[in-house]
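To start, the structure under review is shown below, and the notes come after it.
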2 protein chains.
Amino acid sequence: MTPTPDAPAELASVLRIAVVRLSRRIRSERDPELDLGLGALSVLGILHREGAQTIGSLAETERVRPPSMTRTVGCLVDRGLVVRNKNADDGRQVVVELSEEGWRVVEAERRRRNAWLARQLAELTADERDLLRRASDLLGRLATA
Amino acid sequence: MTPTPDAPAELASVLRIAVVRLSRRIRSERDPELDLGLGALSVLGILHREGAQTIGSLAETERVRPPSMTRTVGCLVDRGLVVRNKNADDGRQVVVELSEEGWRVVEAERRRRNAWLARQLAELTADERDLLRRASDLLGRLATA
DNA sequence: TGAACTACTTAGCCTCGCTAACTATTCCTC
DNA sequence: GAGGAATAGTTAGCGAGGCTAAGTAGTTCA
């Protein structure tokens with residue numbers, strides 16, 4: 001059936017389309033209450049998991065340019081979810097960390113945040129979820145390659 | 001190590017982040033020659049695989065609102081890659097199909113288009129690619145769920 | 001025949017990427 | 001230790017590509 005079952009080019013095409021569409025789908029399912037973009041949510045998640053970070057390191061992790069991260073962080077500061085601090089050792093750096101409010105929001109939203117996707121995933125078989133779990137790791141590696 | 005190894009919520013979080021990041025990465029790698037957005041490329045791909053389609057059906061396939069698809073198709077028309085035709089049976093519908101130029105471009109770009117991703121995929125093992133192939137199918141199903 | 005519905009378009013907004021250019025700070029060399 | 005290069009972040013402004021609301025043209029049906 002498949003003439004070249006292992007051809008990377010063909011897989012690239014299929015994978016690209018699937019990833020882009022799913023990304024759009026996820027975007028369209030975000031919680032309307034907390035009107036934060038996906039990038040902002042992602043940053044909150046990073047700060048929650050890994051603690052305070054500089055703008056630069058957040059930008060690198062998210063694979064975004066510094067100005068974009070400055071803006072994202074600016075939004076979060078405006079909503080009081082994170083605080084900006086100057087690094088005492090290197091005055092050029094800005095260290096961003098979750099505020100108390102930010103912690104509360106992340107903790108509270110963590111469960112709701114993935115609601116749609118989690119609901120879809122719950123309808124798959126355990127084998128399929130396991131497949132996706134391993135695939136996620138690969139996708140993550142591709143994203144940072 | 002994993003307290004609940006099959007928990008959909010946890011997988012949702014991991015998968016969401018991986019998909020969104022990879023999607024950004026793919027976007028940043030598109031061919032600068034052919035200055036078409038990802039959406040436009042995707043539409044060309046659909047028309048190539050499935051033949052002429054109405055705006056509405058393209059919008060549905062791409063999970064986008066009709067006005068967005070109107071604009072995307074407009075771009076493609078401007079570049080002479082597709083043609084808009086009125087449906088003879090139902091004058092409200094617009095049927096979009098690839099122009100000769102569009103065919104040529106799709107055929108020619110098909111291989112180059114996925115270059116970056118295909119290159120990354122080529123560095124994986126055959127098993128990993130197989131994993132991703134099966135995952136792509138699942139991701140596609142999630143995207144249209 | 002005229003009201004309701006449908007397919008698409010137009011107008012205009014918003015998010016969130018980007019680059020270019022600027023400021024502030026640090027580092028490095030003489 | 002003064003001065004230029006390098007680095008971190010910001011500001012300004014652009015562009016892609018989603019969206020909704022409202023308008024137009026064609027179709028259906030009472």
Side-chain angles (χ1 to χ4, degrees), chain A residues 17 19-32 34-44 52-79 82-97 143, chain B residues 20-32 34-44 52-79 82-97 143:
Chain A
I17 290 172
V19 165
V20 169
R21 277 195 202 147
L22 180 54
S23 163
R24 261 204 299 262
R25 187 72 163 95
I26 291 172
R27 165 164 278 128
S28 78
E29 286 293 338
R30 71 168 161 233
D31 184 6
L34 203 71
D35 67 335
L36 290 172
L38 282 179
L41 281 178
S42 205
V43 167
L44 288 181
Q53 305 267 325
T54 63
I55 298 273
S57 108
L58 286 171
E60 195 178 357
T61 305
E62 282 292 279
R63 299 203 64 86
V64 148
R65 300 292 176 189
S68 303
M69 189 49 69
T70 291
R71 177 163 51 183
T72 299
V73 167
C75 277
L76 291 170
V77 169
D78 289 348
R79 283 173 177 73
V82 305
V83 250
R84 237 192 283 254
N85 295 309
K86 274 219 182 293
N87 179 347
D89 294 339
D90 184 340
R92 294 168 302 181
Q93 293 189 341
V94 171
V95 180
V96 181
E97 64 179 340
Chain B
V20 170
R21 278 197 199 145
L22 181 54
S23 164
R24 261 202 301 260
R25 187 73 163 94
I26 291 172
R27 164 163 279 129
S28 78
E29 285 293 338
R30 66 161 166 243
D31 184 7
L34 201 72
D35 67 336
L36 289 172
L38 283 179
L41 282 178
S42 204
V43 166
L44 289 181
Q53 305 269 324
T54 63
I55 299 272
S57 111
L58 285 172
E60 193 179 1
T61 304
E62 282 293 278
R63 299 202 63 86
V64 148
R65 300 290 176 189
S68 304
M69 189 49 68
T70 291
R71 176 164 53 184
T72 299
V73 167
C75 277
L76 292 170
V77 170
D78 289 348
R79 284 172 177 73
V82 304
V83 254
R84 238 194 281 256
N85 295 309
K86 275 219 181 296
N87 179 347
D89 294 340
D90 184 340
R92 294 167 305 180
Q93 293 189 341
V94 171
V95 180
V96 181
E97 63 180 339

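Numbers restart at 1 for each chain; the letters A, B, ... are given by sequence-line order, proteins then strands.
Rounded to a whole Å, the CD1 atom of Ile55(A) is 17 Å from the P atom of dA24(C). The nearest whole Å value for the distance from the CG atom in Leu76(B) to the C1' atom in dA16(D) is 14 Å. Atom CD in Gln53(A) sits about 11 Å away from atom P in dG9(D), given to the nearest Å. For the pair Gln93(A) CD and dA6(D) C1', the computed distance is 14 Å after rounding to whole Å. Rounded to whole Å, the distance from CG on Asn85(B) to C1' on dC8(C) is 15 Å. Protein atom CG of Leu41(A) is 14 Å distant from nucleotide atom C1' of dC16(C), rounded to whole Å. The separation between Leu58(B) atom CG and dA7(C) atom P is 14 Å, rounded to whole Å.
Scored by the side chain to side chain contact (heavy atoms under 4.5 Å, CB included) test, Glu60(B) finds no partners at all (sequence neighbours excluded). Remark: Glu62(B) engages Arg21(A), Arg24(A), Ser42(B) in a side chain to side chain donor-acceptor pair (under 3.5 Å) (not counting sequence neighbours). The side chain to side chain donor-acceptor pair (under 3.5 Å) check on Ser57(A) picks up Gln53(A), with sequence neighbours excluded. Here Arg92(B) pairs with Asp90(B) under the salt bridge (charged side-chain N to carboxylate O under 4.0 Å, His left out) rule; sequence neighbours left out.
Contact check for Leu44(A) versus Val82(A): side-chain heavy atoms found under the 4.5 Å cut-off.
In terms of position along DNA chain C, the nucleotide closest to Cys75(A) lies nearer the 5' end than the nucleotide closest to the other residue of the pair Asn87(A) and Cys75(A). Annotation: of the two residues near DNA chain C, Ser57(B) and Ala88(A), the 5′-most nearest-nucleotide partner is Ser57(B).
Contact annotation: Thr70(A) reaches the phosphate of dT10(D) (side-chain N/O to OP1 or OP2, under 4.0 Å).
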What donor-acceptor contacts under 3.5 angstrom involve side-chain atoms of residues 68-76 of chain B, with partners at least two apart or in another chain?
from: Thr70(B); atom 1: OG1; to: Pro66(B); atom 2: O; distance (Å): 3.2
from: Thr72(B); atom 1: OG1; to: Ser68(B); atom 2: O; distance (Å): 3.1

What string of B, S and - do you get for nucleotides 18-26 of chain D, 5' to 3', when a contact is any protein heavy atom under 4.0 Å?
-> BBBB----B

